[in-house]
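Taking it in order: structure first as structure tokens, then the write-up.
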Amino acid sequence: MPMFEKEITLEAVEELRKEKNEEIEALYEELKNEKKNVIKIYYEKELSEHQFGKKVREKWQQNYNEAREKYSEKESEIHTRIERLVKDVDALDIEIDKIKKEF
């Protein structure tokens, strides 16, 4: 492979690696925001009992349980996606090393 093609290939692989890492960061941020939402609902549930009584607390308890369930599903999905992306990044690192060795 000519030197010019190697440089273009290396740049493309490095850019793809960068995009995968950015996607991983975005997924972690999404997970963090989901967790914040569940925590917010938890505190609203706790405050509702003191302010509005048992009936309102039961509704908030239901909201909290639903939020926890959705969070657990989302967490599992995101971790699976992150694992795949990390494997992709590892493979790209190997490809980058191969290309650099050819220089």
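Everything numeric in this text was worked out from a predicted model, so none of it was measured. Hydrogens, waters and symmetry mates play no part in the numbers below; they use all other heavy atoms, side chains included.
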Identify the residue among His79, Glu73, Arg81 that makes a side-chain contact (heavy atoms from CB on, under 4.5 Å) with Glu77. Arg81
Can you spot which of Arg17, Glu19, Lys18 makes a side-chain contact (heavy atoms from CB on, under 4.5 Å) with Asn21? Arg17
Inter- and intrachain pairs under salt bridge (Lys or Arg N to Asp or Glu O under 4.0 Å), touching residues 24-33, at least two apart: Glu29-Lys32, Glu30-Lys74
How far apart are the C-alpha atoms of Leu16 and Asp88, what are their side-chain angles, what is the distance that settles it, and do they pass the side chain to side chain contact (heavy atoms under 4.5 Å, CB included) test? CA-CA 10 Å; Leu16 184 57; Asp88 290 349; over 6 Å; no
Should [X] and [Y] be counted in the same cluster of Ile, Leu, Val, Met, Phe, Trp and Tyr side chains packed under 4.5 Å apart?
X: Trp60; Y: Tyr43; answer: yes
X: Tyr42; Y: Phe52; answer: yes
X: Ile96; Y: Val86; answer: no

[X] side, atom [atom1]; [Y] side, atom [atom2] - distance, nearest 0.5 Å:
X: Leu10; Y: Glu102; atom1: CG; atom2: CD; answer: 10.0 Å
X: Glu14; Y: Thr9; atom1: CD; atom2: OG1; answer: 11.0 Å
X: Asn37; Y: Asn33; atom1: CG; atom2: CG; answer: 9.0 Å
X: Glu11; Y: Ile99; atom1: CD; atom2: CD1; answer: 10.5 Å

Take Val89 and Asp93 through the side chain to side chain contact (heavy atoms under 4.5 Å, CB included) test and state the conclusion after the steps. CA-CA 6 Å; Val89 168; Asp93 285 341; 4.0 Å; yes
Give every donor-acceptor pair under 3.5 Å between a side-chain atom in residues 63-72 and any protein atom, sequence neighbours left out.
unit_1: Asn65; atom_1: OD1; unit_2: Gln61; atom_2: NE2; d: 3.0
unit_1: Asn65; atom_1: ND2; unit_2: Gln61; atom_2: O; d: 3.4
unit_1: Glu66; atom_1: OE2; unit_2: Gln62; atom_2: NE2; d: 3.3
unit_1: Ser72; atom_1: OG; unit_2: Arg68; atom_2: O; d: 3.1

Counterpart residues, salt bridge (Lys or Arg N to Asp or Glu O under 4.0 Å), relative to [X] (two or more places apart):
X: Arg84; result: none
X: Lys45; result: none
X: Glu46; result: Arg57
X: Asp90; result: none

So which heavy atom on Leu85 is nearest to which on Ile24, and how close?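 Closest approach of Leu85 to Ile24: CB-CG1, 3.5 Å.
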What heavy-atom pair brings Leu31 and Glu75 nearest, and what distance separates the two atoms? CD1-CA, 3.6 Å
